[in-house]
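Structure first, commentary second.
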Amino acid sequence: MVRVRLEQGDITGVEIDAIVNAANNSLLGGGGVDGAIHAAGGPRILAACRELRRTTLPDGLPTGQAVATTAGRLPARHVIHVVGPIHDPREDRSDLLCSAYVNALRVADELGASGVAFPAVSAGAYGWPLDDAARLAVTSVLTATTNVRDVRFVLFDTRVHQAFTAALAAAS
Ligand code: ADP
């Protein structure tokens, strides 16, 4: 059974086996948590992403999928990049948001990681309503089949932290 903890803060400073990046399909950097991870982790992360684009992912990382790179200078050992869906009120894309979490845990298993820290994927620039993003995140992690034992949601501001607190209380 995975243990889920919530904290408020900056995911780039977390010492854990793997942190998850809310990347975009290009894998070549962006704003929000993606920009923060590349800025703090240094150029080795981007170099690894470029190498993935040159080799196994020429068209980029599909939405809902996950792939790992070095964490460069970060205290974490690995970065697991996922692409969450952009929220679209005309189409239910919840399954893709759940897949982003489940596939991140699958990649963590492949890495032998027992601790993984997640940001609130899709809850920033990708516009997902916060309460729903939190509910899908928490239920995806709690129902996943994984060897990961320790999941930390590292939430950047009070509002997001409150939404995850409510979602975790409702789910457990
Ligand atoms: P997306 O494009 O998937 O919505 P964003 O990076 O825009 O990704 O936002 C996802 C969440 O990450 C938002 O709640 C945002 O506030 C948060 N965030 C931004 N920077 C950091 C950081 N350094 N650590 C943790 N969370 C962060």
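Atoms considered below: every heavy atom in the structure, side chains included; atoms not considered: hydrogens, waters and symmetry mates. Whatever order the structure lists ligands and atoms in, that order sets their numbers, starting from 1.
- Ring-plane geometry between Phe153 and Phe164 is classed as tilted, the angle between the planes lying from 30 to 60 degrees on a 0 to 90 degree scale.
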N or O contacts of ligand 1 with protein under 3.5 Å, please list pair by pair.
{"unit_1": "ligand 1", "atom_1": "3 (O)", "unit_2": "Ser122", "atom_2": "N", "d": "2.9"}
{"unit_1": "ligand 1", "atom_1": "4 (O)", "unit_2": "Gly124", "atom_2": "N", "d": "2.8"}
{"unit_1": "ligand 1", "atom_1": "4 (O)", "unit_2": "Ala125", "atom_2": "N", "d": "3.1"}
{"unit_1": "ligand 1", "atom_1": "4 (O)", "unit_2": "Tyr126", "atom_2": "N", "d": "3.0"}
{"unit_1": "ligand 1", "atom_1": "6 (O)", "unit_2": "Val33", "atom_2": "N", "d": "2.8"}
{"unit_1": "ligand 1", "atom_1": "7 (O)", "unit_2": "Ala125", "atom_2": "N", "d": "2.8"}
{"unit_1": "ligand 1", "atom_1": "9 (O)", "unit_2": "Gly124", "atom_2": "N", "d": "3.4"}
{"unit_1": "ligand 1", "atom_1": "23 (N)", "unit_2": "Asp10", "atom_2": "OD1", "d": "2.8"}
{"unit_1": "ligand 1", "atom_1": "24 (N)", "unit_2": "Ile11", "atom_2": "N", "d": "3.0"}

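- A donor and an acceptor atom, one from each side chain of Thr69 and His81, are located under 3.5 Å apart.
- Counting only residues at least two apart or on different chains, the salt bridge (Lys or Arg N to Asp or Glu O under 4.0 Å) pairs with a member in residues 106-116 are Arg106-Glu110.
- The two residues Ala23 and Asp34 come nearest to each other via the heavy atoms CA-OD2, 3.8 Å.
- Criterion: ILVMFWY side-chain heavy atoms under 4.5 Å apart, direct or through other members. Under it, Phe118 and Val102 are not part of a common hydrophobic cluster.
- Leu105 and Val67 end up in different hydrophobic clusters when Ile, Leu, Val, Met, Phe, Trp and Tyr side chains are linked at under 4.5 Å.
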